[in-house]
Amino acid sequence: MTRNVRLGVNIDHVATLRNARGGMDPNILQMALAVEEAGADGVTIHLREDRRHIRDADVDLLITHLRTPMNLEIAATDTMIEIAARVRPHAVCLVPEHRLEVTTEGGLDVAGQSDRITACTNALKALGIRVSLFIDPNPAQIDAAAATGAPVIELHTGEYANASHRDERAIQLMTLTEAVGRAKRLGLEVHAGHGLTKFNVKPVAAIAGIEELNIGHSLVARALMVGLPVAVGEFKQLIREAVTGC
Ligand code: PXP
């Protein structure tokens with residue numbers, strides 16, 4: 001049977017564009033529904049502490065209307081866990097957050113704050129929310145993630161995406177492949193994301209064991225050229241080709 005790799009579309013940058021002028025355009029709900037209709041398997045949003053793109057009202061609106069699972073990315077803080085407890089998304093992905101970063105830089109240091117991450121994981125699991133930890137493809141972080149009891153990790157693909165030379169990209173791909181193997185042996189479900197584009201997504205999608213990819217910036221950027229439904233369809237097709245090998 002062909003492996004299915006789900007595509008979660010991160011629509012944060014629809015909100016970035018809307019916020020540039022205030023008002024409602026582009027309409028986040030309309031865009032989310034278009035993403036779903038185009039075949040995305042889920043919608044991902046990151047409610048940052050500084051609310052620079054997605055806002056609380058967006059989360060409330062989307063949770064009411066989405067037909068696919070919502071994956072809510074949040075920092076591991078008490079305030080964010082309270083919001084997740086109120087919203088009850090299908091999934092929460094715990095991510096690191098630094099106020100001055102342009103986007104999520106590097107994975108969560110689970111090994112360095114295992115008590116806090118375990119407490120957040122337990123609180124979310126008790127609510128029936130699937131917890132995933134966004135970590136670098138690093139053995140110590142994978143082991144620490146498994147020890148928290150979180151059922152899922154999302155591997156940060158930024159180093160792979162940023163590799164400018166073919167040899168460096170191959171090394172980063174090997175690191176990701178080994179990380180997936182280690183995580184699977186520990187019983188974790190494995191997702192991946194960050195910096196994935198039309199041009200680099202296939203080798204990651206082809207790694208056996210990866211079950212979901214979360215893609216935002218390059219897909220929304222591509223949508224400016226071809227429209228959101230086409231952009232989602234293109235990424236779905238690339239992932240399908242990577243999985244089936246043709
Ligand atoms: N996964 C996580 C956990 C993220 O924080 C992000 C960026 O917000 C993504 C995936 C998507 O990254 P990109 O926007 O580079 O596709």
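Whatever order the structure lists ligands and atoms in, that order sets their numbers, starting from 1.
Contacts of Glu154 with ligand 1, taken as heavy-atom pairs under 4.0 Å, involve the side chain alone.
When each atom of ligand 1 is checked for a heavy atom of Phe134 under 4.0 Å away, the hits are 2 (C), 3 (C). Shown in contact with Gly195 at under 4.0 Å from a heavy atom are these atoms of ligand 1, numbered in order with element: 12 (O), 13 (P), 15 (O), 16 (O). Using a 4.0 Å cut-off to heavy atoms of Asn214, the atoms of ligand 1 that qualify are 10 (C), 11 (C). Residue Asn10 approaches ligand 1 through these ligand atoms, each under 4.0 Å from one of its heavy atoms: 8 (O). Taking every non-hydrogen atom of His217 and a distance limit under 4.0 Å, the qualifying atoms of ligand 1 come out as 13 (P), 14 (O), 16 (O). Within ligand 1, counting atoms from 1 as listed, the ones closer than 4.0 Å to a heavy atom of Ile215 are 16 (O). Those atoms of ligand 1 that come under 4.0 Å of a heavy atom in Val95, given as number and element, are 3 (C).
At distances below 3.5 Å, not a single donor-acceptor pair connects side-chain atoms of Glu49 with backbone N or O atoms of Glu97.
A 6.0 Å sphere centred on CD of Glu168 holds more than 12 heavy atoms belonging to other residues, nucleotides or ligands.
Atom-to-atom distance recorded for Glu154:CD and Leu108:CG is 11.5 Å, nearest 0.5 angstrom. The distance from atom CD1 of Ile129 to atom CE of Met70, rounded to the nearest 0.5 Å, is 11.0 Å. Of the inter-residue distances, the one linking His191 atom NE2 with Thr157 atom OG1 reads 13.5 Å to the nearest 0.5 angstrom.
Of the polar atoms of Glu73, at least one N or O is found under 3.5 Å from an N or O of ligand 1, judged by distance alone.
The residue from Asp58, Asp25, Asp12 that alone fulfils the salt bridge (Lys or Arg N to Asp or Glu O under 4.0 Å) condition with Arg18 is Asp58.
Contact analysis leaves Ser218 out of contact with ligand 1, as no non-hydrogen atom separation drops below 4.0 angstrom.
Note on ring orientation: taking the six-membered ring where Trp is involved, the planes of His194 and Phe134 are tilted (angle from 30° to 60°).
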